[in-house]
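Comments concern the structure below.
Quick caveat: nothing in here was measured; it's all calculated off a predicted structure.
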Amino acid sequence: MQRHKNQAGFYMLETLLSIMIFFTACLTLLPIQHQLIIEKKLIREEDKATYFLSNKMHEALLGNSIQGSEIYKDITNSPLTLTITYSSSLIEGCVSWNNVKQKKTTICQYAMPQ
């Protein structure tokens, strides 16, 4: 009878240890997973903004773009501000927005007018 009690205690300890390992793994991996999702969104936002800016810079080179600032609400999750500035030797295009982490992000591209 004593041997049977020891085996039951061993199985209970083994079960408790398994549950602890499972929850430790979950509590470790879930925040990492969340951070990876945020970083993926951040990269997608930057890609969209860069692609948009690149298209607007091509339009500026062709003379189809206006000088100044415009706000676009459908490019990223937050409003994106496009600013194009012309000088005699350079065209500067910049986009600014608040990213997924609520940080102000700005990307600029430059071109030489032909």
Side-chain angles (χ1 to χ4, degrees):
M1 187 71 176
Q2 184 67 17
R3 187 171 184 209
H4 189 278
K5 276 187 176 180
N6 286 344
Q7 283 181 338
F10 175 74
Y11 290 130
M12 194 159 64
L13 182 63
E14 188 177 68
T15 304
L16 183 61
L17 186 60
S18 298
I19 291 171
M20 285 177 50
I21 290 172
F22 173 75
F23 282 116
T24 301
C26 286
L27 292 174
T28 302
L29 295 177
L30 286 176
I32 294 171
Q33 173 85 18
H34 179 70
Q35 187 64 35
L36 287 174
I37 289 170
I38 289 174
E39 293 298 326
K40 276 184 179 180
K41 286 180 182 178
L42 187 75
I43 290 170
R44 268 191 238 119
E45 267 188 353
E46 285 185 12
D47 285 347
K48 286 179 184 179
T50 302
Y51 184 74
F52 175 76
L53 176 59
S54 180
N55 285 339
K56 291 299 183 179
M57 288 297 286
H58 284 289
E59 289 178 16
L61 283 170
L62 295 173
N64 298 336
S65 185
I66 61 169
Q67 184 171 351
S69 295
E70 291 184 39
I71 296 175
Y72 296 86
K73 296 185 183 206
D74 58 344
I75 308 300
T76 59
N77 290 334
S78 67
L80 182 132
T81 304
L82 168 70
T83 305
I84 295 182
T85 308
Y86 294 88
S87 69
S88 60
S89 61
L90 199 63
I91 301 172
E92 177 188 40
C94 294
V95 287
S96 301
W97 74 99
N98 288 328
N99 66 19
V100 176
K101 296 180 177 181
Q102 298 305 314
K103 288 179 73 176
K104 180 97 170 157
T105 305
T106 302
I107 297 175
C108 294
Q109 293 180 359
Y110 302 90
M112 295 176 66
Q114 297 174 350

Inset, instruction - List the steps, then state whether side chain to side chain donor-acceptor pair (under 3.5 Å) holds for N99 with T105. - result: CA-CA 6 Å; N99 66 19; T105 305; 3.1 Å; yes
Legend entry - Crowding at CG, N55 (>12 non-hydrogen neighbours, <6.0 Å): yes
Inset, instruction - Step by step, work out the salt bridge (Lys or Arg N to Asp or Glu O under 4.0 Å) result for K48 and E45. - result: CA-CA 5 Å; K48 286 179 184 179; E45 267 188 353; over 6 Å; no
Legend entry - Exercise: identify the closest heavy-atom pair between T106 and S96: OG1-OG, 3.1 Å
Inset, instruction - Please check if V100 and W97 belong to a single hydrophobic cluster, counting links between Ile, Leu, Val, Met, Phe, Trp and Tyr side chain heavy atoms closer than 4.5 Å. - result: no
Inset, instruction - Assess whether side chain to side chain contact (heavy atoms under 4.5 Å, CB included) is satisfied between T15 and I19, documenting all intermediate values. - result: CA-CA 6 Å; T15 304; I19 291 171; 4.1 Å; yes
Legend entry - Cluster check I107, Y72: I/L/V/M/F/W/Y, side chain < 4.5 angstrom: yes
Inset, instruction - Determine whether I91 and F52 fall in the same hydrophobic cluster, where Ile, Leu, Val, Met, Phe, Trp and Tyr are linked whenever their side-chain heavy atoms lie under 4.5 Å apart. - result: yes
Inset, instruction - Taking the side chain as every heavy atom from C-beta outward, state whether L61 and M57 have any atom pair closer than 4.5 Å. - result: no
Legend entry - Heavy-atom side-chain contact between T50 and Q109 under 4.5 Å: yes
Legend entry - Shortest non-hydrogen contact from C26 toward P31: O-CD, 4.2 Å
Inset, instruction - Check whether more than 12 heavy atoms from other residues, nucleotides or ligands sit under 6.0 Å from atom NZ of K104, and answer yes or no. - result: yes
Legend entry - Where T28 and T24 come nearest, the two heavy atoms and their spacing: OG1-O, 2.7 Å
Inset, instruction - Check whether any side-chain heavy atom of H34 sits under 4.5 Å from a side-chain heavy atom of L30, and report yes or no. - result: no
Inset, instruction - Considering non-hydrogen atoms only, spot the tightest contact between S87 and P113 and give its length. - result: O-CG, 4.5 Å
Inset, instruction - Identify the heavy atoms of E92 and C108 that sit nearest to each other, and give their distance. - result: OE2-SG, 4.4 Å
